[in-house]
Amino acid sequence: DAGITQSPRHKVTETGTPVTLRCHQTENHRYMYWYRQDPGHGLRLIHYSYGVKDTDKGEVSDGYSVSRSKTEDFLLTLESATSSQTSVYFCAISETGTGELFFGEGSRLTVL
Amino acid sequence: DQQVKQNSPSLSVQEGRISILNCDYTNSMFDYFLWYKKYPAEGPTFLISISSIKDKNEDGRFTVFLNKSAKHLSLHIVPSQPGDSAVYFCAASSFTGNQFYFGTGTSLTVIP
């Protein structure tokens, strides 16, 4: 199994509060991704990174920011959480950006 | 606009029979296709993939077929087993891009 750890695994927060989700990998893969999974929408890309300090937006990036200061860590921040951001968030890594994608176990976020 | 589509939200199959999951895509630049399996409360796990230079790839009970002219791929599971009950996502990427696009998933139930 690919070494991907997400934290926290579960979080409940209130509308308007900041939230940071962390993804840590031990595979030294170049590419890292944040997806959210919602019923009827499947997996949608929020942001991705193609190297340290190199990030780009995905299809649902509004309300989210990311940072990657080290190869192994990719942080997803919700500056001011809203109820529409209640979801399950998955981090994924890829060595090449086109081949296999390996997922973490997910972080369930509930915004009240 | 959804670039990868799975039009069947659910599928039920008897144990031992064939399961056929379908996926359509719109972007002709996609040249690598993947299938993922997801159990509840777990991250998606890679199942099988196919490059656009092939039209078939087999791995044990799992076979993926690609019809580039129709922009259609399918996953065949033979024989189906109760442990195959999960949500299946298809995904696509291109060698010139760094993103993976996912369908909305098909929930497969294999009835003992």
Residues of residues 37-51 of chain A within contact distance of chain B, non-hydrogen under 4.5 Å:
A:Gln37, A:Gly40, A:His41, A:Gly42, A:Leu43, A:Leu45, A:Tyr48
Would you check if the distance from the ring center of B:Tyr36 to the ring center of A:Phe103 is below 6.0 Å?
yes
Considering non-hydrogen atoms only, spot the tightest contact between A:Leu101 and B:Leu34 and give its length.
N-CD2, 4.4 Å
Check the hydrophobic clustering (I, L, V, M, F, W, Y; side-chain heavy atoms under 4.5 Å; chains of links allowed) and say if B:Val64 and B:Phe62 are grouped together.
yes
With the 4.5 Å side-chain cut-off for hydrophobic clustering, are B:Tyr25 and B:Ile20 part of the same group?
no
Does one hydrophobic cluster hold both B:Leu73 and B:Ile48, with members joined at side-chain heavy-atom distances below 4.5 Å?
yes
Is it true that atom CZ of B:Arg17 has more than 12 heavy atoms of other residues, nucleotides or ligands lying nearer than 6.0 Å?
no
Considering only heavy atoms, which portion of B:Gln99 lies under 4.5 Å from any heavy atom of chain A: side chain, backbone, both, or neither?
both
Assess the residue pair A:Tyr33 and B:Phe100 against the criterion (ring pair (Phe, Tyr, Trp, His ring centres under 6.0 Å)); give the C-alpha distance rounded to whole Å, side-chain angles, the decisive distance to 0.1 Å, and a yes or no.
CA-CA 9 Å; A:Tyr33 304 81; B:Phe100 295 78; 5.6 Å; yes
Give, as side chain, backbone, both or neither, the part of B:Ala92 having an atom under 4.5 angstrom from any heavy atom of chain A.
neither
Tell me whether B:Phe33 shares a hydrophobic cluster with B:Phe89, the cluster being built from Ile, Leu, Val, Met, Phe, Trp, Tyr side chains joined at under 4.5 Å.
no
Considering only heavy atoms, which portion of B:Thr104 lies under 4.5 Å from any heavy atom of chain A: side chain, backbone, both, or neither?
both
Would a hydrophobic clustering, with Ile, Leu, Val, Met, Phe, Trp and Tyr connected at side-chain separations under 4.5 Å, put A:Val60 with A:Trp34?
yes
Work out which heavy atom in A:Phe90 is nearest to a heavy atom in B:Gly43; give both atom names and the distance.
CE2-CA, 3.4 Å
Any side-chain heavy-atom pair from B:Phe102 and A:Tyr35 closer than 4.5 angstrom?
yes
Which atom of B:Tyr32 lies closest to which atom of A:Glu100, heavy atoms considered
CE2-N, 4.5 Å
Non-hydrogen atoms of chain A under 4.5 Å away: do they reach the side chain of B:Ser94, the backbone, both or neither?
backbone
Any residues in residues 104-112 of chain A near chain B, with a heavy-atom distance under 4.5 Å, and which are they?
A:Gly104, A:Glu105
